[in-house]
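I have placed the structure first, in the form of structure tokens, so that the comments after it can refer back to it.
Because the structure is predicted, anything quoted here is derived from the model rather than measured. Reminder, nothing fancy here: chain letters follow the sequence lines and each chain counts from 1.
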Amino acid sequence: MASQERTARMEKIVALCKRRGFVFQDSEIYGGQNGFWDYGPLGVELKRNVRQAWWQDMVVANDPMLPDAEAPAGFSIVGIETAIVMHPQVWKVSGHYDLFADKMVDCREAKGRYRLDHMRGRWVTGTLTPKAPAEGAEPAPAVSGDWYVTTMLDGPEAADALVKRACKLLGVKSNETHKLQWNSEISTLASVALDKYSSVIGPDTTTPGTLTEPRDFNLMMETHTGALQTAENKAFLRPETAQGMFVNFKNVLDSSRVRVPFGIAQIGKSFRNEITPRNFTFRSREFEQMEMEFFCQPSESPKWYSYWRDRRMKWYASLGIKSENLLLREHDKSELAHYSVGTADIEYAFPFLDEGEYGELEGVAHRGDFDLRSHSEGKLDKNLNVELGPDGQPKYRGSGKDLSYFDDQTRERFIPHVIEPAAGCDRTTLAFLCEAYYEDEAPDDKGVMQTRVVLRLHPRLAPVKVAIFPLIKKDGQPEKALEIYKAFKDAGINAQYDAQAAIGKRYRRMDEIGTPWCITVDGDTMKDGTVTLRDRDTLEQVRIPASEVVDLIAKRLRV
RNA sequence: GCGGGUGUAACUCAGUUGGUAGAGUGACAGCUUCCCAAGCUGUAUGUCGAGGGUUCGAAUCCCUUCACCCGCUCCA
């Protein structure tokens with residue numbers, strides 16, 4: 001359980017988001033929608049800044065002629081923006097169609113949900129041992145018959161588990177397993193007819209008949225292309241942006257003079273019918289991804305994998321995430337997607353999680369040549385062979401296009417391997433907000449300590465970069481302040497002007513939305529042309545010439 | 001999807017045994033104010049989450065539903 005302190009902190013962040021216009025519940029006046037969120041005037045600026053920081057680091061900054069000293073070689077990355085509704089075959093070949101359309105059964109008693117084709121079981125004949133009756137209750141009658149005993153384990157473990165469960169359920173001693181009267185081999189629940197479900201004993205219960213009928217849980221959102229809604233024109237909203245890069249691999253290669261190694265990057269919306277949207281914007285049904293597919297020589301791919309994994313970690317740190325809140329977690333072999341040689345998650349210690357727990361911000365995956373080969377040859381199976389249908393033909397055909405690459409330096413032709421850093425834009429934005437939220441104590445004008453809420457956002461992420469105040473509303477101060485304000489606007493720097501209320505209150509308002517600097521025009525400004533520049537984090541003020549403030553702030557924002 | 005909790009102004013909350021809603025903060029306007037939530041004056045805001053029912057009368061009782069929080073479950 002998340003500690004009360006962490007939960008309270010998260011609640012304050014959510015309240016601040018709403019109060020100051022960072023994040024609203026979508027369609028709130030109609031009661032809202034689970035898993036959908038809107039960004040308000042400040043939130044949209046923050047999120048734009050997150051996108052921009054990512055794009056700068058991933059696309060703009062890289063050039064083969066200007067290699068990063070840490071990188072195995074120089075490289076370029078180009079951006080694209082692809083359609084949300086892609087050809088339905090893309091999702092069949094990528095595996096999302098099969099994977100996202102699972103039949104599931106629920107257990108009414110154990111409250112569990114299971115994938116139909118993951119539940120294994122075996123028919124056995126015997127008499128169910130009744131449970132010990134509760135005090136004063138009638139003992140349940142023993143029931144004889146055929147029972148389908150189940151487990152969620154796989155392979156040899158499944159066989160062992162089924163023997164153990166059958167012994168327990170039918171009252172057979174564990175050293176007399178030969179007495180078990182099996183009358184089928186191990187199968188999945190998918191092979192069991194619906195009218196036999198009353199004899200099925202779920203994996204986490206001892207009572208037969210507690211499973212619901214199998215139901216579809218299609219995690220891809222569906223739509224139709226064209227006005228008629230027929231099965232033929234059914235289409236899907238993309239569950240990830242990555243496929244846009246793979247299907248455009250050849251287009252990019254042919255049109256942009258890139259050479260391997262290079263990357264294709266995209267920022268865009270994706271959609272998944274998550275079963276349990278939860279934790280504010282962390283798991284949403286409509287969300288934005290920042291993904292990059294890096295294509296390289298297969299033999300060099302391990303080096304590139306390490307490089308991107310480490311570089312992406314540094315990106316979060318460079319924008320203010322403290323190292324103790326950031327975790328790089330390499331997946332175990334068993335966790336790896338079937339096509340992946342290695343995967344690491346970059347995770348953040350969100351306050352809605354328990355102490356010591358982390359939530360995923362980004363996955364950096366070595367995907368081998370799975371994607372390009374799939375789109376060329378057809379959907380691949382676990383062993384990277386083309387998956388065949390019942391007719392012996394590919395289950396889902398690829399494009400048939402040659403997606404290999406010819407290296408004219410080495411005279412080699414190969415299918416590049418892919419390293420994929422895939423980040424969640426909304427999650428990252430939320431992490432920056434959580435990281436930035438502080439409450440500290442500052443004295444008011446009477447010397448009484450007051451709680452101050454401050455968002456210590458990195459200046460590049462802050463929605464408002466600078467605020468300009470006249471100390472008092474007379475003596476020409478508002479006019480002078482407006483002049484400076486306009487200079488910031490003209491320079492393309494997001495500034496705010498505020499002459500309302502006492503100066504202390506104005507500072508606090510800016511602290512709460514993370515504005516890094518406040519500039520105040522006072523009596524001295526009118527005499528010597530200097531203003532005070534107040535720092536959000538240190539509360540220190542320095543006097544500088546009004547004519548230099550725009551350049552100074554612009555310079556600080558570039559660093 | 002299951003279990004528990006919550007839903008009243010922008011925010012935090014109060015609202016007595018059913019008798020058509022209040023406080024503080026905030027916002028806005030004015031006065032004042034030469035540096036960290038000051039003071040004074042004034043203004044605006046809610047179909048009490050939504051729908052239905054009981055009742056002469058519902059924020060309050062009943063049903064349905066939606067959303068959020070906590071715990072399960074799930075998370076390619």
In terms of side-chain heavy atoms of [X], which of [options] is nearest?
| X | options | result |
| --- | --- | --- |
| A:Asp354 | B:C34, B:C35, B:G71 | B:G71 |
| A:Asp522 | B:C11, B:C34, B:G26 | B:C34 |
| A:Arg278 | B:A10, B:C35, B:C72 | B:C72 |
| A:Arg508 | B:C70, B:A37, B:U33 | B:A37 |
| A:Gln25 | B:C70, B:U12, B:A67 | B:A67 |
| A:Gln500 | B:A29, B:C11, B:A67 | B:A29 |
| A:Ala502 | B:A38, B:C35, B:C70 | B:A38 |

Which residue, A:Glu28 or A:Gly523, contacts RNA chain B at a nucleotide closer to its 5' end, judged by nearest heavy atom? A:Glu28
Judged by each residue's nearest nucleotide on RNA chain B, which is more toward the 5′ side, A:Gln33 or A:Asp475? A:Asp475
Correct closest heavy-atom pair for A:Gln477 and A:Ile472 would be OE1-N, 2.9 Å
Ignoring hydrogens and geometry beyond distance, is a side-chain donor-acceptor pair present between A:Thr525 and A:Asp522 at under 3.5 Å? yes
Can you confirm whether the side chains of A:Thr515 and A:Gln496 place a donor and an acceptor under 3.5 Å from each other? no
Residues in salt bridge (Lys or Arg N to Asp or Glu O under 4.0 Å) with A:Glu11, at least two apart? none
Salt bridge flag under 4.0 Å for residues [X] and [Y]:
| X | Y | answer |
| --- | --- | --- |
| A:Glu357 | A:Arg6 | no |
| A:Arg309 | A:Glu330 | yes |
| A:Arg456 | A:Asp440 | yes |

Please tell me if [X] has a side-chain N or O lying less than 4.0 Å from either OP1 or OP2 of [N].
| X | N | value |
| --- | --- | --- |
| A:Asn34 | B:C66 | no |
| A:Lys473 | B:C34 | no |
| A:Lys474 | B:U33 | yes |
| A:Lys18 | B:C11 | yes |

Separation between the [atom1] atoms of [N] and [M], rounded to whole Å:
| N | M | atom1 | answer |
| --- | --- | --- | --- |
| B:U43 | B:U60 | C1' | 31 Å |
| B:U16 | B:G52 | P | 25 Å |
| B:G71 | B:U8 | C1' | 27 Å |
| B:U33 | B:G22 | P | 36 Å |
| B:G46 | B:C63 | C1' | 25 Å |

Base, sugar-phosphate or nothing for A:Phe280? Non-hydrogen atoms, less than 4.0 Å. sugar-phosphate
The dot-bracket string of RNA chain B, counting Watson-Crick and G-U wobble pairs with both distances under 3.5 Å, using [ ] for crossing pairs and | for pairs to another strand, is (((((((..((((.....[..)))).(((((.......))))).....(((((..]....))))))))))))....
Should the side chain of [X] and the base of [N] be counted as holding a donor-acceptor pair, with the cut-off at 3.5 Å?
| X | N | answer |
| --- | --- | --- |
| A:Arg509 | B:G26 | no |
| A:Tyr30 | B:C66 | no |
| A:Arg534 | B:C36 | yes |

Start with the C-alpha distance between A:Tyr438 and A:Asp537, add both sets of side-chain angles, then the distance that settles side chain to side chain donor-acceptor pair (under 3.5 Å), and finish with yes or no. CA-CA 10 Å; A:Tyr438 279 89; A:Asp537 300 330; over 6 Å; no
